[in-house]
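The sequence lines fix the lettering, A, B, ..., with proteins before strands; numbering per chain opens at 1.
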Amino acid sequence: MIRARGTRVVSVLEARRAAVREALHAALAAAVSAGDLPTVEVPAQVAVGEPRDRSHGDLSANLAMLLAGPSGRKGRDVAAILLRHLETGRIPGCARAEVAGPGFLNFFLEPGWLSPVVQEVLAAGDAYGRSDCGGSRRILVEFVSANPTGPLNVVNCRAAAFGDALIRCLRAIGYVAEAEYYVNDAGGQVRKLGLSLEARLRQLRGEAAQVPEGGYPGAYLEDVARAYADAHGDAVLREPEDVRVATLAEYAVEHLLAEQRAVLERFRVSFDHFVRETAIREHGAPERVVERLVQLGRTQERDGALWLCTKASNEDNDDRVLRKRDGSFTYRVPDIAYHAEKFDRGYDRLIDIYGQDHHGEVPAVRLALQWLGYPVERLEVLLTQMVRLVRDGRDAGRVSKRGGNFIAMRDFLDDVGVDPARYFFLMRTIDTHMDFDIDLARSQTQDNPVYYVQYAHARICSILRQAGAAGIPGVPAAVLDHPAEALLCHCLATYPAEVRAAAEGRAPHRLTAYLRTTAERFHTFYVQCRVIGEEPARAAARLALCQATRQVLASALGLLGVSAPERM
RNA sequence: GCGCCCGUAGCUCAGCUGGAUCAGAGCGGCCGACUUCUAAUCGGCGGGUCGGAGGUUCGAGUCCUCCCGGGCGCGCCA
């Protein structure tokens with residue numbers, strides 16, 4: 001490991017890239033002063049990447065192609081000129097460089113040049129892959145936020161896995177990220193919930209009550225009714241209607257919310273804040289939002305209702321009602337007030353994770369917030385696409401929060417297991433309309449990719465146990481120059497960048513791809529390279545590689561909230 | 001009709017911030033490998049005009065336009 005500029009640690013990969021970059025700049029200067037190239041502006045971003053195909057070298061630069069336009073020459077010609085002026089001696093361990101393709105300069109380094117990364121990983125320990133890119137900036141991530149009118153389902157499961165993994169990734173790169181759940185515990189739906197519970201309670205007493213039209217007919221309210229009766233009897237039924245409904249609605253909300261929290265906890269998803277709509281309404285925030293929007297001239301009275309004039313903005317395709325004819329607010333008013341309140345709490349960035357079926361509401365909320373003077377550019381709305389259920393190879397109906405066809409998250413976890421469920425959802429981008437094969441999920445034991453990765457971890461643990469018993473030290477006693485070792489080292493070296501990309505790109509699914517590649521390379525290494533029984537220096541070096549690989553696998557799995565078993 | 005998302009191998013999906021050395025993985029199919037650190041593994045074979053057509057560029061799966069196909073929204077429901 002090389003220390004440069006104070007305490008900043010530069011990895012062997014970064015250091016070698018920097019050396020290539022510097023050598024290229026020197027070559028360019030030499031070429032210009034020799035008159036081989038016209039004076040050109042040096043591009044700010046000279047990419048020094050790692051080619052996928054190993055026959056293309058270890059590092060690759062696109063500088064010549066960037067200069068092709070400005071210098072009026074072909075990329076290949078510029079590359080040849082640069083190569084002529086290039087002093088490969090400036091790059092440690094550089095055996096040769098060559099021109100390839102449309103003008104790439106490819107650099108071939110000595111075998112095993114990435115070996116030092118093993119010590120970097122082991123020295124950094126759990127901190128390897130973490131960074132302070134976020135600079136302790138505060139991010140609030142709101143997700144799941146399901147209505148407290150029923151159990152969570154598979155769609156919520158997708159959002160939960162994504163939001164939680166994203167938060168873990170953001171924290172890993174130095175953001176102060178907080179998880180928030182917004183509880184819609186007010187409004188017409190909650191009243192209907194109370195009425196539905198009342199019907200169930202009456203049914204318990206043998207009355208011929210019916211769950212009202214537009215209510216919640218799910219069987220789960222029968223359980224809630226029994227729980228209520230056990231705790232409080234049925235005296236509430238003799239109260240006046242408004243007291244009756246409010247009491248039962250509140251009970252149902254608390255009961256269902258507790259169930260939601262329990263299943264989320266089981267799914268390893270925890271929230272820092274549960275913010276309730278009733279709390280937002282309590283001090284008149286919705287009224288103030290409407291007043292200000294009226295004062296700002298962004299509203300219009302029409303047909304007895306108050307409308308937000310969003311259509312004129314070109315960002316929404318219709319105006320939206322704020323206050324209904326009956327005088328009550330639509331759900332979007334407390335929604336706007338809630339977002340205003342989130343801004344007021346002083347976060348540097350707000351992230352909302354919603355289902356695609358709510359995307360139509362986003363423009364109105366954004367516009368209202370913008371008009372109210374909030375910095376909406378700091379609000380990111382991420383939409384998770386729908387999940388299509390497939391059973392017996394056929395469409396088993398779409399899953400939406402409002403559709404009747406859903407699988408409860410609790411049952412889903414019983415079938416599939418937490419690790420596979422999390423991994424399964426995190427393998428795909430949230431933009432994908434994913435097919436969820438119920439049969440495959442049920443049978444997933446060996447086919448699920450999560451086991452492939454976990455197995456690599458368990459295999460390493462087995463080696464570590466036996467090597468420990470054999471007294472083999474894990475130290476860099478030899479250069480790791482076997483092709484399988486080199487590929488594995490490369491995975492270790494790119495891990496920090498991968499974590500950062502996952503966090504900043506809001507794309508934790510990148511880590512599942514990374515894990516697969518790393519596990520695959522370990523399995524290949526396992527078959528091709530033995531640890532125990534090799535001559536001592538090589539055994540020690542390979543053992544260190546195993547330790548470093550285990551550490552990175554465990555770290556990446558941890559960012560996804562998936563366990564890293566020591567035995568399987 | 002309008003808005004958002006998607007269209008890549010038989011199936012399910014990757015392909016990072018405005019392109020290059022990007023056509024991939026897994027599963028399924030076929031053939032091989034357990035007396036040595038876990039075979040939940042490894043090696044090999046076959047498989048795609050990247051929905052279509054234009055455009056920008058030295059270069060497009062990736063960017064722009066249009067078209068086709070699918071999903072979801074477009075409630076004084078949330």
Base partner of B/G43, which must satisfy Watson-Crick or wobble distances under 3.5 Å: B/C31

Looking at B/G15, I'd like to know if its phosphate oxygens (OP1 or OP2) sit under 4.0 Å from a side-chain N or O belonging to A/H509. yes

Distance criterion of 3.5 Å, no angle test: do you see the side chain of A/H358 paired donor-to-acceptor with the base of B/G73? no

Is there a donor-acceptor pair closer than 3.5 Å between any side-chain N or O of A/R422 and the backbone N or O of A/L560? yes

Name the nucleic acid region contacted by A/Q356, choosing base, sugar-phosphate or nothing; use a 4.0 angstrom heavy-atom cut-off, strictly under. base

Within the side chain of A/R158, is there an N or O that forms a donor-acceptor pair under 3.5 Å with the backbone of A/G355? no

Just to confirm, is there a sub-4.0 Å distance from OP1 or OP2 of B/A78 to any side-chain nitrogen or oxygen of A/R332? no

Is it the case that over 12 heavy atoms from other parts of the model lie below 6.0 angstrom from the CD atom of A/E535? yes

For B/C27 and B/A23, measure between their P atoms and round to the nearest Å. 23 Å

Between A/M65 and A/R567, the residue closer to the 5' end of RNA chain B by nearest nucleotide is A/M65

A/H359 has an atom NE2; how far is it from atom C1' of B/C6, in whole Å? 13 Å

I'd like the C1' distance from B/G32 over to B/G46, given in whole Å. 15 Å

B/G69 - base-pair partner by Watson-Crick or wobble geometry, distances under 3.5 Å: B/C6

Atom CD of A/Q454 to atom C1' of B/A40: distance rounded to whole Å? 10 Å

For B/C34, does the glycosidic angle fall within 90° of 0 (syn) or outside that (anti)? syn

Between B/A25 and B/G15, how far is it from one P atom to the other, in whole Å? 15 Å

Using only heavy-atom distances, decide whether a donor-acceptor pair under 3.5 angstrom links the side-chain of A/H433 to the base of B/C6. no

Would you indicate what A/V527 reaches in the nucleic acid, counting non-hydrogen atoms under 4.0 angstrom: base, sugar-phosphate, or nothing? sugar-phosphate

Which value, rounded to the nearest 0.5 Å, describes the distance between A/I460 atom CD1 and A/F525 atom CZ? 8.5 Å

For the pair made of CG in A/L66 and C1' in B/U57, what is the distance, rounded to whole Å? 14 Å

Base, sugar-phosphate alone, or nothing: which one does A/A507 contact when heavy atoms must sit under 4.0 Å apart? nothing

Spacing of A/L383 atom CG relative to B/G71 atom C1', expressed in whole Å: 13 Å

Considering every strand and a 4.0 Å limit on heavy-atom distances, what is the contact class for A/E534: base, sugar-phosphate, or nothing? nothing

If I pick the P atom on B/G51 and the same atom on B/G7, what distance separates them, to the nearest angstrom? 7 Å

Which whole-number value in Å describes the distance from A/R320 CZ to B/G73 P? 13 Å

In whole Å, what is the span from the CZ atom of A/F522 to the P atom of B/A39? 10 Å

I need the CZ-P distance between A/R388 and B/C5, as an integer number of Å. 21 Å

B/G70 and B/A78: how far apart are their P atoms, nearest whole angstrom? 32 Å

Taking any heavy-atom pair under 4.0 Å as a contact, classify A/A458: base, sugar-phosphate, or nothing. base

I'd like to know if the side chain of A/H490 pairs up with that of A/D58 as donor and acceptor (distance under 3.5 Å, no hydrogens or angles considered). no

If you look at every strand shown and take non-hydrogen atoms under 4.0 Å, does A/R325 touch a base, only sugar-phosphate, or nothing? base

Separation of B/C6 atom P from A/D435 atom CG, nearest Å, is 16 Å

Distance between the P atoms of B/C74 and B/G28, in whole angstroms? 41 Å

